[in-house]
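Here is how names work: the chains are called A, B, and so on, in the same order as the sequence lines, proteins then strands, and each is numbered from 1.
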Amino acid sequence: MYKKTGKELNSLFLQKQISAEEIVAYFIKRIHAFEPSIQSLLSTLESRALEKARALDLKLSQNKPIGKLGAIPIILKDNMHMKGEKTTCASQFLKNYEAPFDATVTTLIEEADGIIIGKANMDEFAMGSSTENSSFKKSYNPWNLDYTPGGSSGGSAAAVAAMLAPISLGSDTGGSIRQPAAFCNLYGFKPTYGRVSRFGLVAFGSSLDQIGPFARSIEDIALMQEVIGGHCPYDSTSIPNSKEPYLNELETSIQGKVLGVPFSLLENIDEEIKNLFLDALEVYKSLGVKIVEINLDLIKYSIPTYYILATAEASTNLARFDGIRYGIRSPEAKTLEEIYEYSRGLGFGPEVKQRILLGTYVLSAGYQDAYYKKAQKVRSLIIRDYKHAFEHSDMIALPATPTTSFKLGSIQDPLKMYMQDIYTISANLAGVPALTLPIGFSASHLPVGMQLQGPLLKDARVLRFANHFAKATNFHQKLAPLFDKEAS
Amino acid sequence: MLNEEELKALEKLSRLRLTEGERVHLLKNLQNILASVKSLSELDTEHVEPCSHVLEEMQAPLREDESERTYPRELFLKAAPEKIAGMLKVPPVIKEE
């Protein structure tokens, strides 16, 4: 049953071949068996999930209408609120914090009868590319336990790759869904900015953050987007009239469509990844897609642009963690100033501190024009490049990452770690929808992904391009061998 | 280049107390990162508008000035590290002269 997609599990449930309770109990058993070796979760919602499942079984037996996600086990990244459950953001600051309300994605999933079974490990406050910045524990890549699952949504990716659930949600500010998806042989989708509500997602870089799904099938990605992609009045950046027919459009032909490729950006990546990427382009050619060269040279400026804008926004967003309204308070603090300074000093890890300080620096008097405003202008230039590129192409193809997964502990230099996001960050800066899809394996059996980026609001088109590739190849069906077995 | 004194000023601005060890480590990192972002100055942006929202046509939405959903105070106070009589507790901020 672990090989089944979310959609397949839902069908079995609707045909009454298996109950929701059996499905949930089955995946909880897998969590007990396999979670100790991958450490992907920060909490398991066992009794809550079983209770929901039993209620759903009753609902089906009474012939009441069942939502689109009926009986599908789902895992959330631990920066999304579920009322009464912990939201820690993998930070000591929030280690005991319980959410007082549901995130919009939580509400939508539960209204659609999806069953949330756990909350996933992540880099603290979503800052990182390896999940090593979690203040609680490291997560391990199901394809090779010496390697990182990527980050910041590393727990969400590892859990789906180990088949602890068919679908999970992550958040993506600079590549935090797409890089772990590439490292774990998954689909990982960052929708158009504003497509999925950020209400109840702990904010990192508000002009860049987007929630999106991980899955092992493109239908599951489409299904999830049908449920969570919609307007939300509680998020002022939520796009009005935001529904797209994701599932219906999957089969529409892509013959004659144009795929733009910035070939000049392929120079500095692993030869293996480059070759698999070029092979993937051949698959598209065989599907009748025309490949054209496009210019996105400004992508090389996307990392400095991002590290100014994202840290500026983070320093502002994380000001709310003051030791007064929620989170921890330093027992040594005597004055109001000390409460702020000591509590934040105690509760935040080094990467978070580094980014708050950097963000404060680029926003401070005398530096704001040189750094923050400059970066906002470069962002406009990058957006302009994307607009030009989409005048000549229906879709853009890029590698997802410059390398395959790396060994835990092997990257210590922050600048080197930031390079992980060289191909992903520009989609956040431009707001465009972007998907990682599996395209093969390295000689050392580590997954390799590529990225499709579509024009603003053309999320369904991105999924359609990926669906046709999936039908011509079988990389996405390959499962992590260590977990391709029943829990005993 | 960012120096130790400026870092201490940044700590104040950020309301963040670093340990001595963190200070040494972060100073070096921040210096490297700030040096690397300097590459943006290669680009001519004199006539470019700064971007603050990717969907240009979107306006900040307004709603009627009516309260709609509220949460009970107890629920939010539950998250506070120190409270007293249904309120957040902080040290005295107004001092007697």
Side-chain angles (χ1 to χ4, degrees), chain A residues 97-98 100-101 193-194 207 233 236-237 239-240 298 301 303-305 307-308 315 319 322-329 333-337 339-345 348 350 353-354 356-358 360-361 364 371 373-381 383 413-415 429-432 456, chain B residues 2 6-7 9-19 21-22 25-27 29-30 32-56 58 60-63 68-69 71-72 74-82 88-93:
Chain A
Y97 177 76
E98 277 178 20
F101 59 90
Y193 178 78
S207 80
S236 65
T237 59
I239 301 165
L298 286 181
Y301 295 99
I303 290 181
T305 306
Y307 277 93
I308 293 170
S315 72
D322 54 9
I324 290 173
R325 289 165 295 166
Y326 29 62
I328 59 157
R329 179 181 289 191
K334 300 279 184 291
T335 66
L336 190 63
E337 288 283 301
I339 287 183
Y340 300 145
E341 293 177 1
Y342 294 6
S343 303
R344 290 159 65 78
F348 293 147
K353 286 177 181 167
Q354 183 166 299
I356 290 173
L357 292 165
L358 184 62
T360 305
Y361 182 82
S364 60
Y371 289 99
K373 206 163 183 187
K374 179 79 185 182
Q376 282 185 304
K377 288 180 169 191
V378 177
R379 186 176 189 179
S380 293
L381 290 178
I383 290 171
D413 175 3
L415 286 172
L429 293 172
V432 300
L456 281 173
Chain B
L2 186 75
E6 283 176 301
L7 179 60
L10 264 187
E11 283 179 50
K12 273 281 163 204
L13 281 175
S14 309
R15 303 285 187 270
L16 195 60
R17 174 70 61 101
L18 300 180
T19 64
E22 285 177 326
H25 175 72
L26 290 183
L27 181 63
N29 278 356
L30 288 169
N32 290 341
I33 296 168
L34 285 169
S36 80
V37 303
K38 281 269 190 288
S39 65
L40 294 188
S41 60
E42 295 162 18
L43 295 169
D44 179 6
T45 52
E46 205 187 321
H47 303 291
V48 181
E49 283 294 312
C51 164
S52 53
H53 197 296
V54 292
L55 295 162
E56 293 154 351
M58 252 182 74
L62 298 174
R63 60 170 174 79
E68 36 180 288
R69 79 172 172 186
Y71 298 100
E74 298 73 42
L75 198 59
F76 279 82
L77 274 178
K78 222 180 129 190
E82 286 188 53
L88 299 169
K89 188 179 170 194
V90 293
V93 284

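Proximity to chain B (any heavy atom under 4.5 Å) is shown, for A/Ser315, by neither the backbone nor the side chain. With a 4.5 Å cut-off on non-hydrogen atoms, A/Ala319 does not touch chain B at all. When heavy atoms are compared at a cutoff of 4.5 Å, A/Leu357 approaches chain B by way of both its backbone and its side chain. For B/Leu30, the part lying under 4.5 angstrom from a heavy atom of chain A is the side chain only. For chain A, the nearby parts of B/Leu16 are the backbone and the side chain; heavy atoms of each come within less than 4.5 Å. Contacts between A/Leu336 and chain B at a heavy-atom distance below 4.5 Å involve backbone atoms as well as side-chain atoms. Only the side chain of A/Pro414 comes within contact range of chain B, with heavy atoms under 4.5 Å apart. If you measure heavy-atom distances from A/Leu429 to chain B, the contacts under 4.5 Å come from the backbone alone. Both the backbone and the side chain of A/Leu358 come within contact range of chain B, with heavy atoms under 4.5 Å apart. Both the backbone and the side chain of B/Leu75 come within less than 4.5 Å of a heavy atom of chain A. The part of B/Glu68 that comes within reach of chain A is its side chain, from C-beta onward, which places non-hydrogen atoms under 4.5 angstrom from that chain.
Legend: residues meeting side chain to side chain contact (heavy atoms under 4.5 Å, CB included) with A/Leu456, ordered by chain and number and at least two apart, are A/Thr192, A/Val432, B/Leu55.
No other option in A/Phe101, A/Tyr361, A/Tyr340 has as many heavy-atom pairs under 4.5 Å with chain B as A/Tyr361. When each of B/Lys38, B/Glu82, B/Glu6, B/Arg17 is scored by its heavy-atom pairs under 4.5 Å with chain A, the top score falls to B/Arg17. Looking only at heavy-atom pairs under 4.5 Å with chain B, the residue among A/Thr305, A/Asp322, A/Asp413, A/Ile328 that has the most is A/Thr305. Among B/Leu26, B/Leu2, B/Val93, the residue with the largest count of heavy-atom pairs under 4.5 Å with chain A is B/Leu26. Comparing A/Ser207, A/Pro240, A/Gly327 by heavy-atom pairs within less than 4.5 Å of chain B, the highest count is held by A/Gly327. When each of B/Lys12, B/His25, B/Arg63 is scored by its heavy-atom pairs under 4.5 Å with chain A, the top score falls to B/Lys12. Most heavy-atom pairs under 4.5 Å with chain B, from the set A/Ile383, A/Thr360, A/Ile239: that is A/Thr360. Of the residues considered (A/Glu337, A/Arg379, A/Lys334, A/Lys353), A/Lys353 shows the highest number of contacts with chain B, using heavy-atom pairs under 4.5 Å.
Here the closest non-hydrogen pair linking A/Pro100 and A/Tyr97 is CD-OH, 3.1 Å. Listed here is the closest heavy atom pair of A/Ser364 and B/Leu13: CB-CD1, 4.3 Å. Closest approach of A/Ile324 to B/Ala80, counting heavy atoms only: O-CB, 3.7 Å. The nearest pair of heavy atoms linking B/Pro61 to A/Ser236 is CD-O, 3.4 Å. Here the shortest heavy-atom pairing between B/Pro50 and A/Lys373 reads CG-CE, 4.2 Å. When all heavy atoms of A/Pro304 and B/Val37 are compared, the pair lying nearest together is CB-CA, 3.7 Å.
The closest side-chain donor-acceptor pair between A/Lys374 and B/Ser41, if any, does not fall under 3.5 angstrom.
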Practice problem: Check step by step if side chain to side chain contact (heavy atoms under 4.5 Å, CB included) holds for A/Gln376 and B/Thr45. | Solution: CA-CA 10 Å; A/Gln376 282 185 304; B/Thr45 52; over 6 Å; no
Self-check item: Derivation of the side chain to side chain contact (heavy atoms under 4.5 Å, CB included) call for A/Leu298 and A/Val378
Solution: CA-CA 9 Å; A/Leu298 286 181; A/Val378 177; 5.9 Å; no
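The number of heavy-atom neighbours closer than 6.0 Å to CD of B/Glu49, taken from other residues, nucleotides and ligands shown, is 12 or below.
Looking at heavy atoms from C-beta onward, A/Arg325 lies out of side-chain contact with B/Phe76 at the 4.5 angstrom threshold.
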